[in-house]
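Just so we're on the same page: letters track the sequence lines, and every chain starts at 1. This structure is a prediction, so every number in the text was calculated from the model and none was measured.
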There are 2 protein chains.
Amino acid sequence: MKITINEIAKKAGVSKATVSRVLNNSKPVNESLRKRVLQVIEETNFRPNALARGLSLQKTRVIGVIIPDLSNPVFSRIIAGIESYTRAHDYSLMITATDYDISTEIKHINLFRDKGVEGLILLTDDVNQKLSEVLGDFSKPIIMIGSDCDLEKIPVIKIDNMKAAYEATQYLINLNHKRIAMIRGPLTDRFSGNLRFEGYKKALVESGIYDENLVKEGKYSFEHGYQTMTHLLAGSKIPTAIFCANDVMAVGALKCALDNDLNVPEELSIMGFDDIEIAKIYTPSLSSVHQPFEAKGERAIAKLIHMIESEADETISECAFEDEVLEHRLIIRQSTKRIKS
Amino acid sequence: MKITINEIAKKAGVSKATVSRVLNNSKPVNESLRKRVLQVIEETNFRPNALARGLSLQKTRVIGVIIPDLSNPVFSRIIAGIESYTRAHDYSLMITATDYDISTEIKHINLFRDKGVEGLILLTDDVNQKLSEVLGDFSKPIIMIGSDCDLEKIPVIKIDNMKAAYEATQYLINLNHKRIAMIRGPLTDRFSGNLRFEGYKKALVESGIYDENLVKEGKYSFEHGYQTMTHLLAGSKIPTAIFCANDVMAVGALKCALDNDLNVPEELSIMGFDDIEIAKIYTPSLSSVHQPFEAKGERAIAKLIHMIESEADETISECAFEDEVLEHRLIIRQSTKRIKS
DNA sequence: TTGAAAGCGCTAACAT
DNA sequence: ATGTTAGCGCTTTCAA
């Protein structure tokens, strides 16, 4: 029923090898034959079966992406960056979410391999032993975004979380704040969650105003931000500034402050991290640490495709495996303000 | 280098047909042989090549999804709904964005077909002639989400946009508002954009208070909402309520009002559409029309998989092709309020 | 129950 | 420059 290269060959009165040649421009073909073949292809609307092609060539032009949660804008913007670059370079994307479950992740890495993906982009916050093994066996290019990875041959695209948090905290210190709380990520988030906390702590320790009682744990959700803020406000010594490990919690804290008739930023400065869209939109708008989500995706896929294509040439340079640290920057908006010392 | 069914057969001392049989439980195999084969598979970590399998079986367990924009939360939540169901049913997803460009869309529909997807989910706002042809030729199950489609055999999953907009407007009318503006979608959005406007208009016309000067066009972005609101505020007779065709514009309008020291909802009621996350989070929180994004995705993929699998059985029932209208509901929050008549 | 062999649709080495 | 043919790795008739 579906038309194949054989019928094209027959109708054009040539061998299928010739058809294949004109299809791929892989070898010179006599102009009149080429015309005839092209003609038949046109007429029949023939399109080569990519599966068969892939099987024969060991190339599918498909790339796999594994991500914890597709509905989280932070991730979907990275995906969007990956996707547009991928599309521009004539690859296709297979995408799966893991719901933060490592066994799901492993299962789908294998599934993708079976399906012939030529490379893999991974967004994970935790690389454990078992995962390491699977990745080690993978035999095709892999890039990670965000979390570190100690495996050779797996470059990571990231930002300098610690430095960024340090700068954000330093900014609050420069605004004369002495009691600066942090709603940090969960302790189990050993990567960015921890680095952002360490940056915060470093700045405060350097200024001699670190107070561990002002550090609270939140699970990155709006509700956690809101609730943690409630606790903070119920305490005896209310902070004058709060640094949150992500914008979503920052907005939770912000709304909580507003609901409690606290004036932000007059009475309380709030600083987020990520610079998601809502930061710009909120009233008051939220100061934050901008990180380039789309660019993260783009750099990752660009690097991956480079690895894939130079692997064929064997021209791969050493620097292709190096980690890349993308630039962050502080975005100052309405939610933070200098106070009198 | 990669291990194949042949090596398994050799190592287990059987034919590859037998290996295939134990792999798929397709035919009875002597228990001792099965054990031996399983053993070898285990030892070698063998996993069958899905490409080869797909070529032979004409089945890939891959589904294609085409969507205008991956970074838009409205879409990514639908995708998330699709993905989790897909994953639970052991299919994989190939996803591509179109940037609202129909030729890109067509190109990737064909690409997906070449790559052997077994079904297609389409999110489009516009089905033109050319697209219709391509879809008609597709020969595999297709589902559309959102926009209508006049093609037989292509079920649509949607909400009743007109009714929803009607109810939202009616709600504002019941709050005693007489001057109710609308920031509608672009005129080029012939589907939901238009239906939402029609619902709004119908309610106002029925109450005899429709005024076309109060209808403004916006392109669904925060900036458009903000800017349009600026114009509205500059006008001579400022409306007391505004219905926006989506939440993003509503928040734009809301922030503009706030920036101009207008009290929402005391002086101005604002109602959005979609009930995206920000609606709940904003201060004041935004009244809106809730629509079930994740459920849209799930219903679509559930239906699609049903079509795919019953197509094999030829057991497909008529109702499998029927459109489905999902429930919306009004969510009343802080941004709308009754006024004195 | 098992194995041999044909076939899925394409590419590429080898011959001509 | 073109055709013949042997794979790519798997499933599935068909015979035994």
*asked:* So, taking the atom named CD1 in A:Ile143 and the one named CG in A:Asp323, what distance separates them when rounded to the nearest 0.5 Å?
replied: 9.5 Å

_Assess, by modelled atom type and distance only, whether the side chains of B:Asn25 and B:Arg34 contain a donor and an acceptor separated by less than 3.5 Å._
yes

_Side chain of A:Asn30 only, heavy atoms from C-beta on: which candidate in D:dT2, C:dT2, D:dT11 is closest?_
D:dT2

_Nearest listed nucleotide, side chain of B:Leu33, among C:dT2, D:dT11, C:dG3_ = C:dT2

*Among the nucleotides C:dT11, C:dG3, D:dC10, which one has an atom lying closest to any side-chain atom of B:Val14?*
C:dG3

*Whole-Å gap separating P (D:dC8) and CG (B:Asn6)*: 8 Å

_If only side-chain N and O atoms count, and only distance matters, is there a donor-acceptor pair under 3.5 Å linking A:Lys11 with A:Thr44?_
no

_Using whole Å, what does the distance between atom C1' of nucleotide C:dA4 and atom NZ of B:Lys16 come to?_
10 Å

*Choosing from D:dA1, D:dG3, C:dC10, which nucleotide comes nearest the side chain of A:Phe46?*
C:dC10

*A:Pro28 side chain: which of D:dC8, C:dT2, D:dA1 is closest?*
D:dA1

*A:Arg21 side chain: which of C:dA4, C:dT2, C:dC14 is closest?*
C:dC14

*Can you label the angle between the A:Tyr85 ring and the A:His89 ring as parallel, tilted or perpendicular, going by 30° and 60°?*
parallel

*So does A:Ser56 reach the base of D:dG7 with its side chain, donor to acceptor, closer than 3.5 Å?*
yes

_For a quick check, tell me whether the side chain of A:Arg47 and the base of C:dG9 share a donor-acceptor pair closer than 3.5 Å._
no

*Separation of A:Lys10 atom NZ from C:dG9 atom C1', in whole Å?*
13 Å

*Given D:dC14, C:dT11, D:dC10, which nucleotide is nearest the side-chain atoms of B:Arg53?*
D:dC10

_Nearest-neighbour nucleotide for the A:Ala52 side chain, C:dC10, D:dT11, D:dG9 considered_ = C:dC10

_salt bridge (Lys or Arg N to Asp or Glu O under 4.0 Å) assessment of B:Asp114 paired with A:Arg53_ = CA-CA 10 Å; B:Asp114 300 344; A:Arg53 200 144 192 281; over 6 Å; no

*Measure from NZ on A:Lys27 to P on C:dA13 and round the result to the nearest Å.*
7 Å

*From C:dT11, C:dG9, C:dT1, pick the nucleotide closest to the side chain of A:Asn49?*
C:dG9

